[in-house]
Amino acid sequence: MLDKKNIQKKFEQSLTTYNENALVQKQMANKLVSIINRKKFDKILEIGSYTGILTKKIVDNFEFKNYCALDIVDSGEFVKKIDSRIRFIKQDVEEYKTDQKFDLIISNAALQWCNDFKKTIFNLYSYLNNNSLLIVSTFSCDNLIEIKNTFNLSLDYPGIEEIKEIFPRSQIIEEKMTLEFNNPIEILRHLKKTGVNSLSKDSFNLSKLKQLETNYNNKITYKPLYIKVEKRI
């Protein structure tokens with residue numbers, strides 16, 4: 001089971017550094033927006049709004065009447081600055097329950113922090129109106145494989161076949177993004193400033209970080225996964 005208190009703590013610590021360092025997450029937000037084939041929505045629910053990287057793109061590109069943003073971190077001030085109409089809820093998505101129905105439920109690089117991805121995404125789907133969209137990005141197997149092989153640390157990322165079992169008619173897109181650094185210390189800083197060090201309560205061992213330089217030439221690989229599900233009548 002993931003330590004949600006530690007995850008919340010680490011992301012609280014990276015609130016002021018996240019936007020500058022979340023290079024992959026920014027590209028993922030752009031991709032999510034590009035695969036939305038509608039321009040108007042009545043109700044939008046965003047999961048994992050955090051500092052509002054995706055929020056701003058949605059506000060700039062789509063029309064809506066109601067917008068609810070949810071995050072485990074108390075980051076409502078970030079999304080409120082983007083648009084005062086947004087209602088922010090501080091809550092773990094795995095504990096979130098609602099009687100409301102939405103026309104767009106969207107999430108960027110957040111659902112990998114769930115203990116039960118399958119149950120969570122199925123619950124989100126149940127909150128959709130008919131003729132509505134569930135669009136999320138997460139990461140696939142072998143994401144940050146360098147960190148996994150070096151530190152034996154990894155999240156339980158969903159596989160494409162697993163997603164197809166839940167949503168047989170879903171559109172799934174997988175990408176690969178490699179970031180290069182000058183030294184292993186830069187990798188450590190990148191992980192810390194984007195909250196990815198939430199995988200561990202402890203600091204990364206510097207001698208292990210040196211192995212990244214030897215084995216992987218100071219590169220880390222992200223494997224973004226995009227899931228688009230349409231709920232039809």
Side-chain angles (χ1 to χ4, degrees), residues 1-30 32-33 43-60 66-98 100 102 104-117 119-121 123-124 127 134-139 143-144 147 153-158 188-204 222 224-225:
M1 295 287 286
L2 293 171
D3 186 340
K4 292 296 184 76
K5 289 185 176 179
N6 184 58
I7 293 170
Q8 181 180 340
K9 177 184 176 182
K10 293 296 178 70
F11 275 100
E12 285 172 347
Q13 293 173 346
S14 63
L15 268 171
T16 59
T17 59
Y18 186 82
N19 282 9
E20 183 180 351
N21 294 275
L23 307 176
V24 170
Q25 292 84 348
K26 287 178 181 177
Q27 292 185 55
M28 292 169 68
N30 287 333
L32 282 178
V33 169
K43 291 185 177 181
I44 296 175
L45 172 63
E46 182 186 354
I47 303 299
S49 55
Y50 198 42
T51 59
I53 288 176
L54 175 61
T55 314
K56 188 174 190 315
K57 295 184 183 301
I58 295 173
V59 169
D60 289 345
N66 298 282
Y67 196 127
C68 179
L70 181 145
D71 201 283
I72 196 172
V73 174
D74 190 5
S75 54
E77 61 181 284
F78 289 86
V79 295
K80 287 286 187 181
K81 287 179 181 178
I82 295 170
D83 195 308
S84 61
R85 296 174 294 169
I86 296 174
R87 182 169 67 94
F88 178 79
I89 299 175
K90 180 184 177 296
Q91 191 171 19
D92 182 347
V93 64
E94 292 191 272
E95 298 174 358
Y96 177 68
K97 305 294 180 186
T98 182
Q100 294 189 64
F102 301 89
L104 172 65
I105 298 179
I106 191 165
S107 178
N108 183 37
L111 295 185
Q112 69 272 11
W113 298 107
C114 293
N115 283 303
D116 193 332
F117 173 86
K119 180 179 178 180
T120 301
I121 198 169
N123 283 342
L124 292 176
Y127 300 146
L134 171 65
I135 300 181
V136 306
S137 70
T138 181
F139 298 93
N143 184 61
L144 293 176
I147 302 301
L153 289 172
S154 180
L155 293 172
D156 186 15
Y157 299 108
L188 174 64
R189 288 173 180 161
H190 167 76
L191 296 174
K192 182 177 181 180
K193 290 179 178 180
T194 56
V196 179
N197 61 337
S198 304
L199 284 169
S200 173
K201 290 183 179 180
D202 305 317
S203 300
F204 286 109
Y222 286 89
L225 190 68

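Keep in mind that what you see is a predicted model, and the values were worked out from it rather than measured. No hydrogens, no waters, no symmetry mates; every other heavy atom, side chains included, goes into these values.
With sequence neighbours excluded, no residue satisfies salt bridge (charged side-chain N to carboxylate O under 4.0 Å, His left out) with Asp116. Listed by chain and residue number, nothing satisfies the side chain to side chain donor-acceptor pair (under 3.5 Å) test with Asn123 (two or more places apart in sequence, or in another chain). Residues passing the side chain to side chain donor-acceptor pair (under 3.5 Å) test with Gln25: none are found, sequence neighbours excluded. Asp83 is linked by a side chain to side chain donor-acceptor pair (under 3.5 Å) to Arg85, counting only residues two or more places apart in sequence or in another chain. With sequence neighbours excluded, the residues forming a side chain to side chain donor-acceptor pair (under 3.5 Å) with Asn19 are Thr51, listed by chain and number. With sequence neighbours excluded, the residues satisfying salt bridge (charged side-chain N to carboxylate O under 4.0 Å, His left out) with Lys56 are Asp60.
Residues Pro158 and Leu225 approach most closely at O-CD2, 4.3 Å, considering heavy atoms. The shortest non-hydrogen separation linking Met28 to Thr138 is CE-O, 3.5 Å. The heavy-atom pair separating Ile105 from Leu124 by the smallest distance is CD1-O, 3.1 Å. Residue Leu54 comes nearest to Glu46 through the heavy atom pair CB-OE2, 3.7 Å, listed as atom of the first residue, atom of the second, then distance. The nearest pair of heavy atoms linking Val79 to Gly52 is CG1-CA, 4.2 Å. What you find for Phe139 and Val24 is that their closest heavy atoms are CE2-CG1, 4.4 Å.
Atom CD1 of Ile47 sits about 9.5 Å away from atom OG1 of Thr120, to the nearest 0.5 Å. A distance of 9.5 Å separates CD1 in Ile86 from SG in Cys68, rounded to the nearest 0.5 Å. Here CG of Asp74 is found 12.5 Å from CD1 of Ile89. Values are rounded to the nearest 0.5 Å. Atom CD1 of residue Ile106 and atom NZ of residue Lys57 lie 11.5 Å apart, to the nearest 0.5 angstrom. Once rounded to the nearest 0.5 Å, the distance linking CG of Leu111 with CD of Glu94 reads 9.0 Å. The NZ atom of Lys193 sits 10.0 Å away from the CG atom of Leu188 when rounded to the nearest 0.5 Å.
The environment of CD in Glu20 is sparse: at most 12 heavy-atom neighbours from other residues, nucleotides or ligands sit within 6.0 Å. Taking a 6.0 Å sphere around NZ of Lys81, one finds it holds 12 or fewer heavy atoms contributed by other residues, nucleotides or ligands.
Using a distance-only test at 3.5 Å, with no hydrogens or angles considered, a donor-acceptor pair links the side chain of Ser137 to the main chain of Ala109. Panel note: side chain Lys10, backbone Lys192; no donor-acceptor pair is recorded below 3.5 Å.
For the pair Asn21/Arg189, no side-chain contact is recorded, criterion being any heavy-atom separation below 4.5 Å from C-beta on. At least one side-chain heavy atom of Leu2 sits under 4.5 Å from a side-chain heavy atom of Leu155.
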Evaluate Asp71 against Phe11 for side-chain contact (heavy atoms from CB on, under 4.5 Å), listing each step before the verdict. CA-CA 11 Å; Asp71 201 283; Phe11 275 100; over 6 Å; no
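Tested against Tyr50, the residues Tyr18, Trp113, Phe88, Phe78 include a single ring pair (Phe, Tyr, Trp, His ring centres under 6.0 Å) partner, Tyr18. Of the candidates Lys5, Glu12, Lys4, Glu12 is the only one forming a side chain to side chain donor-acceptor pair (under 3.5 Å) with Gln8.
Of the N and O atoms on the side chains of Tyr157 and Gln112, not one donor lies less than 3.5 Å from an acceptor on the other residue.
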